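Here the structure comes first, spelled out in structure tokens, and everything after it is commentary.
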Amino acid sequence: MKNKEITKEQRLFLELLSAAIWNKQPNPGLFEQVNEKTWEQVRLLSLEQSVHALIYDKALNLPQKALPSPELITNFLLKINQTDLKHKKFEETLSFLTQKYREQNLSFILLKGQANALNYPTPTLRPLGDIDIYFPDRKDYEKANKWAKECGYRIDEEALYQQSFYVEEVHIENHNSIAYFGRKKYDNKLQRILEEIKENNHFLTLQITQNLQLKTLPTTFNAFYLFQHILHHFSYVGVSFRQLCDWVTFLSTHIDNIDKDLFMYYANDFDMLHPMQVFAALCITYLDTDPSIFPFTFNATHPLVDTVLHDIFESGNFGKNHFKEKEFHSIWQRRWFMWNKTIMRNKKVFPVSPHHILPLPFVAVSNQLKRIIKNAD
Amino acid sequence: MKLKKDLSIRKIGDDYMVVSNNDTNINYTHITSLNESAVYLLENTEADSEFASSDWVNLLLERYEVDAETAQKDVDKMIEDLIKAGIIIEE
């Protein structure tokens, strides 16, 4: 089956996104005589893919004759400003949480989000979703959750491996596991690696702001983990360009500090080399990525690249496009819809990573059963 | 009067825009377009510090070939517009 072509708005979106993550100017010729309807589609794609401030900033750098309408310019400026303010709010909240967790002697690691933003040319343009905190020690995880409850924060139902809550509208996720495969052979390996990192104290210290230093995952493992995060969401309901940008900007920033042999060991041990090669080829083809940033070898073209590209555009950030205009009367109805969606997508995307995607319908059912048992306790 | 803190001036195409916030509340963001002389004055005025209209008149006289009366009229109009836009705060 021949893959469908990318649309004009998708091409413009990719041009602006590549320019944003690699700190270069977009080709202005592509944007001259772009009509308002096409610009509006670019705006919507940017929101769906959760890279809006990155895209809008580059759009506003175009020469006069390539700019969008005055209304869109105002809209773009407002969104850029909102993203910047959100970063300030998140920094304040992270400092507050750090202080509170340290007062209780809790050991914790910052994952993804704000740490990833530091690898972008302008960190404050990378839209933020939530604050992800990982507690290597389960007791610390439980203490942190107990503290959040005692403070009276709005708390979500506890998931299998995480508890989320809100501090002044900032969404916090406390994790007691950084990832979950639902397959013993992978979960046990992951646990062993994390134990090893913990025992050897291999966590890195990262300067988040002028006054805030936090621990994060070691570089080589983080390069692997960021891709695991992409594959996890891609396998279930979909992933967005933001996650891809996080991965390639991380690799580009840290490639000299990545132990390539160790990275390959992780990639092979978790059966992830093939999906990594597909996504890397996609980034080279559509995000103007330098092939030398990837710590593995691969062909710059791959027959599955366009399948993945179109799935990313269809799915939106964490698959949210699939849920647009859907109303669910209960959490079970929503879960049933998600399960069906996973099965339907499975048929299309499983060749990207058969080891991880084919067993998903069973893993999802098993997770539901575990959740029921947990909540019954 | 004082110039508001955390103003962000940006050149977009041939125009200048200034974005002003009310602390971290995104509901109080204002966007105002500026001409080149207004940008020059804002960039040469310290935020959150007292200044008088005569300071701005002097700045205009230093940079542009303009007489004092015209400069004063321009500054008065600019200050009036920037107060309305929330960029200048009257004490």
Side-chain angles (χ1 to χ4, degrees), chain A residues 16 20 25-26 28-29 31-34 39 43 47 52-96 114 122 124-125 127-128 131 167-170 209, chain B residues 1-49 51 56 63-64 74-75 77-91:
Chain A
L16 292 169
Q25 284 305 311
F31 295 87
E32 288 169 15
Q33 294 169 354
V34 168
W39 266 117
R43 183 184 77 84
L47 288 168
H52 43 277
L54 292 158
I55 297 282
Y56 301 165
D57 179 69
K58 279 296 163 190
L60 296 183
N61 280 344
L62 288 166
Q64 183 71 35
K65 60 183 176 181
L67 284 170
S69 66
E71 290 76 21
L72 270 188
I73 288 176
T74 305
N75 179 294
F76 287 2
L77 273 172
L78 279 172
K79 279 285 177 189
I80 290 168
N81 189 250
Q82 283 177 6
T83 307
D84 186 53
L85 292 178
K86 198 167 179 183
H87 268 265
K88 287 182 181 134
K89 186 78 192 160
F90 269 53
E91 278 174 22
E92 283 170 20
T93 308
L94 186 58
S95 295
F96 168 75
Q114 286 151 297
T122 309
T124 52
L125 291 173
L128 295 174
I131 295 177
V167 177
E168 290 179 21
E169 303 309 313
V170 177
T209 62
Chain B
M1 59 195 151
K2 284 180 180 178
L3 200 58
K4 207 165 179 304
K5 277 193 296 186
D6 298 327
L7 294 175
S8 158
I9 300 170
R10 179 166 185 156
K11 189 166 195 274
I12 298 168
D14 299 333
D15 301 318
Y16 291 91
M17 310 283 257
V18 60
V19 182
S20 63
N21 297 306
N22 184 348
D23 295 326
T24 55
N25 191 334
I26 57 173
N27 297 323
Y28 292 96
T29 299
H30 293 279
I31 295 174
T32 314
S33 60
L34 300 172
N35 60 29
E36 210 165 306
S37 51
V39 172
Y40 163 68
L41 293 173
L42 292 187
E43 285 179 343
N44 285 283
T45 306
E46 201 179 326
D48 208 26
S49 293
F51 74 96
W56 276 20
R63 170 134 174 180
Y64 299 101
D74 286 350
V75 164
K77 175 76 175 77
M78 231 180 275
I79 288 173
E80 190 187 326
D81 291 345
L82 294 176
I83 287 172
K84 277 185 199 159
I87 290 167
I88 288 176
I89 305 158
E90 286 180 294
E91 291 294 302

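As the structure is a computational prediction, the values presented were derived from the model and not from experiment. Numbers restart at 1 for each chain; the letters A, B, ... are given by sequence-line order, proteins then strands.
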Interchain contact, B:Ile31 with chain A, by part (heavy-atom threshold 4.5 Å): side chain
Which value, rounded to the nearest 0.5 Å, describes the distance between A:Asp57 atom CG and B:Arg10 atom CZ? 4.5 Å
Interatomic spacing from CD in A:Gln64 to CD1 in B:Ile12 - rounded to 0.5 Å: 10.0 Å
Strictly below 4.0 Å, N to O, side chains only: are A:Lys65 and B:Asp14 in salt-bridge contact? no
With side-chain contact (heavy atoms from CB on, under 4.5 Å) as the test, would you mind laying out the steps for B:Met17 and A:Ile73 before giving the verdict? CA-CA 10 Å; B:Met17 310 283 257; A:Ile73 288 176; 4.1 Å; yes
Does any heavy atom of chain B fall under 4.5 Å from the side chain of A:Leu62, the backbone, both, or neither of them? backbone
Go through the atoms of A:Asp84 and report whether side chain, backbone, both or neither lie under 4.5 Å from a heavy atom of chain B. neither
Greater than 12 external heavy atoms within 6.0 Å of A:Gln25's CD: yes
With rounding to the nearest 0.5 angstrom, report the OG to CG distance, B:Ser8 to A:Leu77. 8.0 Å
Would you say CD of A:Glu32 has more than 12 non-hydrogen atoms from neighbouring residues, nucleotides or ligands within 6.0 angstrom? yes
